[in-house]
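Read the structure below first, then the notes.
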Amino acid sequence: MELLQLLFSGIANGCIYGLVALGFVLIYKSSEGVNFAQGDMMMLGAFIALGLGNSAQMGLPFGIAIIGAMIIMYGVGWGVERVFVRQLFGQPQFALVILTIAMGFIFRFIAGSIWGYTPLVFETPFSGMNWNFGGVILSAADLITILVTAVLTLALWFFFARTKTGLAAQAASQNQMAAYIVGVPVIRLNSLIWGLSGVVATVAGVLYATKGAIDPNIGLLGIKAFAAAVIGGMGSLPGALLGGLLIGIIEPIAGRYAPGELAQMSPYIIMLIVLITRPGGLFSQIHAKKV
Amino acid sequence: MRIIFKTSYDKDIDIHEHWGKRGAILVLLAFMAVLPFFAGEYYLAEATNTLIWALAGMGLMLLVGHTGQVSLGHAAFLAIGAYTEVALMNIGWPFLIAFPVAGIFTGIFGALIAIPAVRMSGIYLAIATLAVFVIVEELIILLEPITGGVGGLFAPSITIAGISFDRYADLSNLYWLVLLIVALVTWGYANLMRSPTGRSFLAVRDSEVSARALGINVTRTRALAFGLSTGVTGLAGALMGHYIGFFNYELFSIFISINLLLVVTIGGLGSIQGAFLGAILITAVPQLIAIFRDWANATVGINIGSIPGLDTMIFSGVLIAFIIYEPLGLYGRWLKTRTWFELFPLARRDMFRRQKSYLKTERTK
């Protein structure tokens, strides 16, 4: 029974890792860039939703606050691409890594100076609601997290596999020059994808906020989500989700049955094992390096 | 503009092209050597700190700037160096043995990690090193008998042949020791870069495929670069431990890794001078911020000291500005300026233009 309880909360946690990982994958799939600020974008999204929704702040209704936060974060993602990332077009990947790490610190500073560094609680209509199924407690927040994650993953898969824009984004990532030649607006697509990853980050942030208090340092969760994305294979949407779930499930179980520090290390150990045995991740998309 | 008249093939691989450069280095060394005679205690401590950072920066520069591999986990290797050295000194080894052994140990550890890690490329390697960093951090807490766990430990003061190199009592001795170590490492580094090994590093950085075609064992070269880089970083870590005096795992946070990346990027990737310029910047900026803070407090009456995280924010801003506007870093800027003066009316803006590369991946989906 205890294991079942751990499993359930692990899945809910894993969904959040998976969602942040989805944000990484989105950007990676369309431009092979890695956004190290994804975790901080999640944090910022959560704070914007909190700022709009909490009664002590703007006090908007829950739904409107979330939609507002999503729109604002779309703008933030779009703006980051427009102002900073675009300048690095055609430069080595390394430049983007450093840029986004710095962006992460700036986001943290902005959130810290607006909302302070003490943990805040996001008010939700379903906070404290939970059901007891024969000893296993299911909270509404966890159920909603799992549901929303499933829907969002499906929607993003649909976007990349079935829509013209999604296919164009993938084309742009496989060969920028060729995509240009066949008429894909590569630069505009990049802005769109960064905006979308801002929205995904907001969803992850709001779901994270429903489970407890948030402070500007929750962005460090991004490192764990990173491990999730790598385990799944950087360019794969289902892989990212699976990686997130794997980490989410193993973490509490390791915390229960293994010494404390080992639980902290477990996501990274799994990641290293995956990287060593399958350098491209579980859902590898790289077959051989061509000249 | 100086025309160098080469009379032998050896001149092609000389470290210094002509006596002017050799002289400049000698003058700099002489200046650094006499610094303790006229600099105050405070500035001498800062200079020591800068030298240690430059040493760590050189370690990372070898990896990032010269072999083209990004590491986000170099703080872990600083930590390994520091803890190993202190542990060895605590069991009674003299500094002269403990110090190089700590460097070698860190280097071997780094190379062992590198063997699986070098199979990964670019971004995966960066992430793997990040994972290594987190694991090492937890291991430090776990290995309490050696590392002192969360509480931390004291670095014993250094004594060589009866001369004390204590951080507080004999700061100028410590400064000379650090200067000597940094000068030796720099000299070795500069020589390494003109040897076949150093050239194979550059080849691997510029194109792995062509390096392989030229008969370079890419995996071995990358592992070697990783080992050397982490070894030098370990030495810097050991010195940092002595400089700080008392430390625990928090000294080697992820911010240190990022500051090190800042050192090599802002200094100028792919140049030894860049590591020094970056180190000067990273140690000077907090001081400048402190001075500005006092000034703003005294004249305008704004207390910016009350804003937490402002230092990191300013660092991040500087970093972004450099990445976008001057990817070659401070050293690149200096090269451009010098070239402009050397060629005076003839310098052209396009001389340093970087080639853009368009993305092409091996992904199939």
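Any value given below was found using the heavy atoms of this structure, including those in side chains, with hydrogens, waters and symmetry copies removed. Letters A, B, ... are given to chains in the order of the sequence lines, protein chains preceding strands, and every chain is numbered from 1.
- Summarising the geometry of Ala102(A) relative to Leu319(B), their closest heavy-atom pair is CB-CD2, 4.0 Å, with the distance given to 0.1 Å.
- The contact between Leu72(B) and chain A is made entirely by side chain atoms (from C-beta outward), counting heavy-atom distances below 4.5 Å.
- To the nearest 0.5 Å, atoms CE (Met265(A)) and CG (Leu139(B)) are separated by 4.5 Å.
- Taking Gly68(B), Ala131(B), Gly317(B) one by one and counting their heavy-atom pairs under 4.5 Å with chain A, the maximum is reached by Ala131(B).
- Heavy atoms only, all atoms of each residue included: Ile106(A) and Ser316(B) are closest at CG1-CB, 3.7 Å.
- Counted within 6.0 Å of CZ on Arg188(A), heavy atoms from surrounding residues, nucleotides or ligands total 12 or fewer; the atom is thus considered open.
- The contact between Phe36(A) and chain B is made entirely by side chain atoms (from C-beta outward), counting heavy-atom distances below 4.5 Å.
- In this structure, the side-chain contact (heavy atoms from CB on, under 4.5 Å) partners of Ala213(A), at least two apart in sequence or on a different chain, are Pro119(A), Val121(A).
- Ile98(A) pairs in a side-chain contact (heavy atoms from CB on, under 4.5 Å) with only one of the listed residues (Thr265(B), Ile320(B), Ile266(B)), which is Thr265(B).
- A distance of 8.0 Å separates CD1 in Ile314(B) from CZ in Phe109(A), rounded to the nearest 0.5 Å.
- Here the rule is side-chain contact (heavy atoms from CB on, under 4.5 Å) with Ile323(B), and of Leu88(A), Val97(A), Leu96(A) only Leu88(A) fits it.
- For chain A, no part of Val318(B) is nearby; none of its heavy atoms comes within less than 4.5 Å.
- Residue pairs meeting the salt bridge (charged side-chain N to carboxylate O under 4.0 Å, His left out) criterion with at least one member in residues 96-119 of chain A, sequence neighbours excluded: Asp40(A)-Arg108(A).
- Of the listed residues (Phe84(A), Phe226(A), Phe160(A), Tyr268(A)), the greatest number of heavy-atom pairs within a distance under 4.5 Å of chain B belongs to Tyr268(A).
- The number of heavy atoms from other shown groups lying within 6.0 Å of CH2 (Trp78(A)) does not exceed 12.
- For the pair Tyr325(B) and Gln87(A), the minimum side-chain heavy-atom distance is below 4.5 Å.
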